[in-house]
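First the structure, in the form of structure tokens, and then the observations on it.
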Amino acid sequence: MSDTLYPFTLSPNGPVFDLPIYVALEEGIFEKNGLKVEFVDKYDPASSSQDPFKRQKEALYETGAASAYNLCEWAGLDRSEKSARGSQVFGLRPAVAAQAIITFDDDIQEPRDLENVAVGINELTGSHYTTLQLLEGAIPRDTIIVEHAGPPHQRYQSLKDGKLKAIAIMEPFISLALKEGAHIVAVNFYRGAEVISPEVPADKREAYVASVNEAADLIRSDFARYKHHVVAELNGRLAPEELASHFVHYAHSRPLDEKRFDYTYEWMKTWNLTKGTSEYKRLVA
């Protein structure tokens, strides 16, 4: 039967975002839907560069090694706009994750306390965009400071070392930080994007999305069963049962509609995050 399956290669993202893929692989859902899905490489949590296209997931996609990958919604539009290979956002991913601004500093208790305080982010990722969104309603835009501090492991270590007063981070680092005495200043849930090569036939794209949707249902019914995947990158610093259940949700992927695109794209323009020269049909499948 495997000879009849359509090969669908993936560039890896963090486990909290790729969990529906892990579950679909474990439960044989992809095969049931006619796909042979494989990660082309093991997730590298240390992959870091200020140039997004030199990071693991983008680099694997751009070289043609991977058919698809997921990332935050804004980055999905940014990468599709700048892709040399050509890519489009096929839909919003199942992982609805929190980016939390966290600190160990007792003088920082609310977003207003972050005026002119650098917040560690990974440039042009969810941590970057959500920090801008979280803070622009609380403090003047010209007092919002974001500092590229690399991937989650590096950001969190910089926070613990006192190199930064605050960082934006997702799971499993939110749970780890709370366990180790940090507190949350602000939190924002956001959807991500599924970027799939236009070379993949539409029915195979749809089969992939149907598969991760089915996996999302399994996670939602018993998240505890799969938490070990999310905490694995912490190498024993956080037990599966210590991972909170409220900083990430899993829902069905859905299309990125034109109304949402217009609002998102215009917001990106106001921060000079895009030149704003693309149209909906160019960036969204």
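Not measured: the values here are computed from a predicted model.
- Using a cutoff of 4.0 Å between basic side-chain nitrogens and carboxylate oxygens, E136 and R141 are scored as salt-bridged.
- Criterion: ILVMFWY side-chain heavy atoms under 4.5 Å apart, direct or through other members. Under it, Y6 and V195 are part of a common hydrophobic cluster.
- Under the 4.5 Å side-chain heavy-atom criterion for grouping Ile, Leu, Val, Met, Phe, Trp and Tyr, L178 is connected to F223 within one hydrophobic cluster.
- In this structure, I169 and I102 have side chains that are in contact, with non-hydrogen atoms separated by less than 4.5 Å.
- The nearest pair of heavy atoms linking S87 to P198 is CA-CD, 4.0 Å.
- Side chains of W267 and Q133: a donor-acceptor N/O pair is absent below 3.5 angstrom, by distance only.
- Under a 4.0 Å N-O distance rule, the pair E241/K227 does not qualify as a salt bridge.
- A 6.0 Å sphere centred on CD of Q109 holds more than 12 heavy atoms belonging to other residues, nucleotides or ligands.
- Within the 3.5 Å criterion, the main-chain N or O of A239 finds a donor-acceptor partner in the side chain of E242.
- At a cut-off of 3.5 Å, with distance as the only test, no side-chain donor of T131 or Q99 sits close to an acceptor on the other residue.
- Look at E266 and K269 and you find a salt bridge, because one of the NZ, NE, NH1 or NH2 atoms lies within 4.0 Å of a carboxylate O, short of that distance.
- Side-chain contact between S67 and Y61 is absent, with no heavy-atom pair separated by less than 4.5 Å.
- Heavy atoms only, all atoms of each residue included: S278 and Y265 are closest at N-OH, 3.0 Å.
- The heavy-atom pair separating I21 from F39 by the smallest distance is CG2-CZ, 3.5 Å.
- Between W74 and Y190, a ring centre-to-centre spacing shorter than 6.0 Å is recorded.
- Between E233 and H153 the shortest side-chain heavy-atom distance falls below 4.5 Å.
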Derivation of the side chain to side chain contact (heavy atoms under 4.5 Å, CB included) call for L176 and L234: CA-CA 9 Å; L176 177 64; L234 295 179; 4.0 Å; yes
Side chain to side chain contact (heavy atoms under 4.5 Å, CB included) between L19 and I219, intermediate numbers included: CA-CA 8 Å; L19 185 59; I219 298 168; 3.7 Å; yes
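- In this structure the side chain of R112 reaches within 4.5 angstrom of the side chain of E110, judged on heavy atoms.
- Formation of a donor-acceptor pair under 3.5 Å by the S175 side chain with backbone atoms of L243 is not found in this model.
- D18 and H229 are not linked by any side-chain donor-acceptor pair at a separation below 3.5 angstrom, with hydrogens and angles left out of the test.
- No side-chain heavy atom of R93 sits less than 4.5 Å from a side-chain heavy atom of R254.
- Listed for the R155 side chain is a donor-acceptor partner under 3.5 Å among the backbone atoms of G150.
- Closest heavy-atom contact between A166 and L114: CB-CD2, 3.9 Å.
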Side chain to side chain contact (heavy atoms under 4.5 Å, CB included) between D217 and Y250, intermediate numbers included: CA-CA 8 Å; D217 289 338; Y250 294 92; over 6 Å; no
Verdict with supporting geometry, E58 and R79, salt bridge (charged side-chain N to carboxylate O under 4.0 Å, His left out): CA-CA 8 Å; E58 286 91 343; R79 309 304 191 266; 2.9 Å; yes
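- Pairs passing the ring pair (Phe, Tyr, Trp, His ring centres under 6.0 Å) check and including a residue from residues 94-118, sequence neighbours excluded, do not occur.
- Among F90, F30, Y69, the single residue meeting the ring-ring contact (aromatic ring centres under 6.0 Å, His included) criterion with Y208 is F30.
- Checking N33 against S211 by side-chain atom types alone, a donor-acceptor pair falls below 3.5 Å.
- A 4.5 Å side-chain heavy-atom check between R55 and T125 finds at least one atom pair inside the cut-off.
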Side chain to side chain contact (heavy atoms under 4.5 Å, CB included) assessment of H183 paired with D106: CA-CA 9 Å; H183 61 272; D106 287 338; 4.2 Å; yes
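- Among L124, L77, D78, the one residue that satisfies the side chain to side chain contact (heavy atoms under 4.5 Å, CB included) test with L273 is L124.
- The pair D257-R260 does not meet the salt-bridge criterion, since no charged nitrogen lies less than 4.0 angstrom from a carboxylate oxygen.
- When all heavy atoms of L134 and A186 are compared, the pair lying nearest together is CD2-CB, 3.9 Å.
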Check against salt bridge (charged side-chain N to carboxylate O under 4.0 Å, His left out), R85 and E199: CA-CA 10 Å; R85 177 185 176 191; E199 298 166 6; 3.5 Å; yes
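- Taking a 6.0 Å sphere around NZ of K179, one finds it holds more than 12 heavy atoms contributed by other residues, nucleotides or ligands.
- In terms of hydrophobic clustering, with Ile, Leu, Val, Met, Phe, Trp and Tyr side chains grouped at heavy-atom distances under 4.5 Å, V96 and F173 are assigned to different clusters.
- Nearest approach of V16 to A95, heavy atoms of both residues: O-CB, 4.0 Å.
- Residues F8 and Y22 are members of one and the same hydrophobic cluster, defined by side-chain heavy-atom contacts under 4.5 angstrom among Ile, Leu, Val, Met, Phe, Trp and Tyr.
- Contact check on K36 versus E31 returns no salt bridge, with no Lys/Arg side-chain nitrogen under 4.0 Å from an Asp/Glu carboxylate oxygen.
- Contact check on E180 versus K160 returns a salt bridge, with a Lys/Arg side-chain nitrogen under 4.0 Å from an Asp/Glu carboxylate oxygen.
- In this structure, V89 and E194 have side chains that are not in contact, with every pair of non-hydrogen atoms separated by 4.5 Å or more.
- The pair E27-K32 fails the salt-bridge criterion, with no side-chain N (NZ, NE, NH1 or NH2) lying under 4.0 Å from an Asp/Glu carboxylate O.
- Within the 4.5 Å cutoff, the side chain of V119 has no heavy atoms near those of the K165 side chain.
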